[in-house]
2 protein chains.
Amino acid sequence: MIFNRTTEYAFRIMSFLASDKEKLHNTSDIFDALHIPFRYLRKQMTVLTKTGLVVSIQGKYGGYMLAKKEKDITLWDIVIAMHDKLFETNCFFGYEKCALSQHCMMHSRWAGVKEMIENILKTTTLEDFKKENMHDLIKMSDQ
Amino acid sequence: MIFNRTTEYAFRIMSFLASDKEKLHNTSDIFDALHIPFRYLRKQMTVLTKTGLVVSIQGKYGGYMLAKKEKDITLWDIVIAMHDKLFETNCFFGYEKCALSQHCMMHSRWAGVKEMIENILKTTTLEDFKKENMHDLIKMSDQ
DNA sequence: TATAAATAATACCTAAAGGTATCATATATG
DNA sequence: CATATATGATACCTTTAGGTATTATTTATA
């Protein structure tokens with residue numbers, strides 16, 4: 001598990017919302033599709049709302065939808081919104097100062113890993129997760 | 001922090017032991033060099049001993065040394081010994097079944113990341129962390 | 001053989017992530 | 001305007017990783 005569980009949940013939720021942008025999805029819809037623990041999902045939806053990634057409509061027939069177009073939301077945006085600590089330190093050994101002065105043997109190799117991950121996250125948008133692809137994925141996890 | 005803290009500690013400890021294989025290092029030596037919380041370090045040294053990565057000598061003037069030659073201990077061995085959950089799931093979204101049936105949009109890209117990390121860990125041995133390099137690194141983190 | 005100095009074993013404590021429960025607030029519609 | 005059904009806020013519970021404390025065991029050597 002490279003990302004923490006909450007970040008993975010956010011990926012799933014945002015991808016699901018992207019799969020059918022027109023409709024407003026309430027928590028039960030999302031729960032039925034993704035089976036994230038219901039009350040935790042409720043809480044996380046308000047977090048996603050506060051970060052500005054989704055827009056909520058309160059009251060009867062309310063729900064959630066993406067705040068921006070799919071192509072304008074990257075996976076990187078989601079990681080940042082979830083405050084995932086993955087990108088907190090740069091040093092392979094977790095040394096704070098490693099990046100600032102002389103580099104250790106691992107440094108360049110590890111920098112390559114982080115760069116690759118960052119690059120994937122920054123260039124992948126929710127546009128890449130629309131329709132069939134997402135539904136297939138959800139069905140699979142359900143088996 | 002891609003690896004958990006305990007795994008990072010293990011990387012530091014094993015690298016330190018590799019930096020001067022002849023001498024037997026006791027917990028105080030390792031603590032003076034790495035400043036891992038002393039009592040936690042004590043505990044972790046016995047874990048490393050039980051996994052077979054290090055050999056301990058009990059009694060007065062006892063301590064720890066690598067169980068094998070530096071070139072025969074990879075970073076991968078250390079990750080496995082620490083039961084790091086990094087490589088537990090393969091799916092970007094954390095879906096258990098993803099790898100087994102149809103693959104999601106992220107799958108090949110993410111498989112590339114994991115493969116790159118695994119490759120680095122499996123091909124880097126403690127031989128790469130000997131002498132000056134390690135001492136410099138430790139000094140840096142101390143500032 | 002007594003002692004000092006090391007590791008081993010075990011139990012407990014703490015902080016953070018993940019998850020649950022309850023009550024408050026918003027709003028469409030009869 | 002009452003009600004049903006949605007989200008918002010808040011407090012609390014649980015699990016796990018990380019860290020601490022205490023006692024037991026080992027062993028070199030005076």
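Because the structure is predicted, anything quoted here is derived from the model rather than measured. Naming convention: chains lettered A, B, ... in sequence-line order (proteins, then strands); numbering from 1 in each chain.
- Contact annotation for B:G62: backbone-only contact, meaning every heavy-atom pair under 4.0 Å involves sugar-phosphate atoms and none involves a base.
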Residues 48-66 of chain B side chain polar contacts: donor-acceptor under 3.5 Å, at least two apart:
residue, atom, partner, partner atom, Å
B:T49, OG1, B:M45, O, 2.8
B:T51, OG1, B:L48, O, 2.8
B:T51, OG1, B:L53, N, 3.4

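- Applying the side-chain hydrogen bond (donor to acceptor under 3.5 Å, both in side chains) criterion to B:D77, with sequence neighbours excluded, gives B:T74.
- Annotation: ring pair (Phe, Tyr, Trp, His ring centres under 6.0 Å) contacts involving residues 67-86 of chain B, sequence neighbours excluded, comprise B:W76-B:F87.
- Within the structure, every side-chain polar atom (N or O) of A:T49 is placed at least 4.0 Å from both OP1 and OP2 of D:dT7.
- Residue B:K60 contributes atom NZ, which lies 21 Å from atom P of D:dA24 at whole-angstrom precision.
- The side chain of A:T27 places an N or O atom within less than 4.0 Å of a non-bridging phosphate oxygen (OP1 or OP2) of D:dT7.
- In this structure, A:E127 has no side-chain hydrogen bond (donor to acceptor under 3.5 Å, both in side chains) partners at least two apart in sequence or on a different chain.
- An OP1 or OP2 oxygen of D:dA9 is reached within less than 4.0 angstrom by a side-chain nitrogen or oxygen of A:K50.
- Rounded to an integer number of Å, the gap from CZ of A:F31 to C1' of D:dT7 is 17 Å.
- Spacing between atom CG of B:D84 and atom P of D:dA17 amounts to 10 Å, rounded to whole angstrom units.
- When rounded to the nearest whole Å, the span between NE2 of B:H83 and C1' of D:dG18 equals 17 Å.
- If you measure from atom CE of B:M45 to atom P of C:dA9, you get 14 Å, rounded to the nearest angstrom.
- Of all heavy-atom pairs between B:A18 and B:E70, the closest is O-OE2, 3.4 Å.
- A ring pair (Phe, Tyr, Trp, His ring centres under 6.0 Å) with A:F31 is found for one member of A:F16, A:Y40, A:Y9, A:F38 and no other, namely A:F38.
- Between the CG atom of A:D29 and the P atom of D:dT5 there is a distance of 15 Å, given to the nearest Å.
- Remark: C1' of D:dA6 and OH of A:Y61 are 10 Å apart, rounded to the nearest angstrom.
- DNA chain C is contacted by both B:R42 and A:K85; B:R42 maps to the nucleotide lying nearer its 5′ end (nearest heavy atom per residue).
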Just the table, please: protein N/O against nucleotides 18-20 of chain C N/O, every pair under 3.5 Å.
residue, atom, partner, partner atom, Å
C:dG18, OP1, A:R5, N, 3.0
C:dG18, OP2, A:T6, OG1, 2.6
C:dG19, OP1, A:R5, NH1, 2.9
C:dG19, OP2, A:Y9, OH, 3.2
C:dG19, O6, A:K43, NZ, 2.6
C:dT20, O4, A:K43, NZ, 3.2

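- For A:W110, the ring-ring contact (aromatic ring centres under 6.0 Å, His included) partners are A:F92, B:F3, not counting sequence neighbours.
- We find that CE of A:M82 is positioned 14 Å from C1' of C:dA17, with the value rounded to whole Å.
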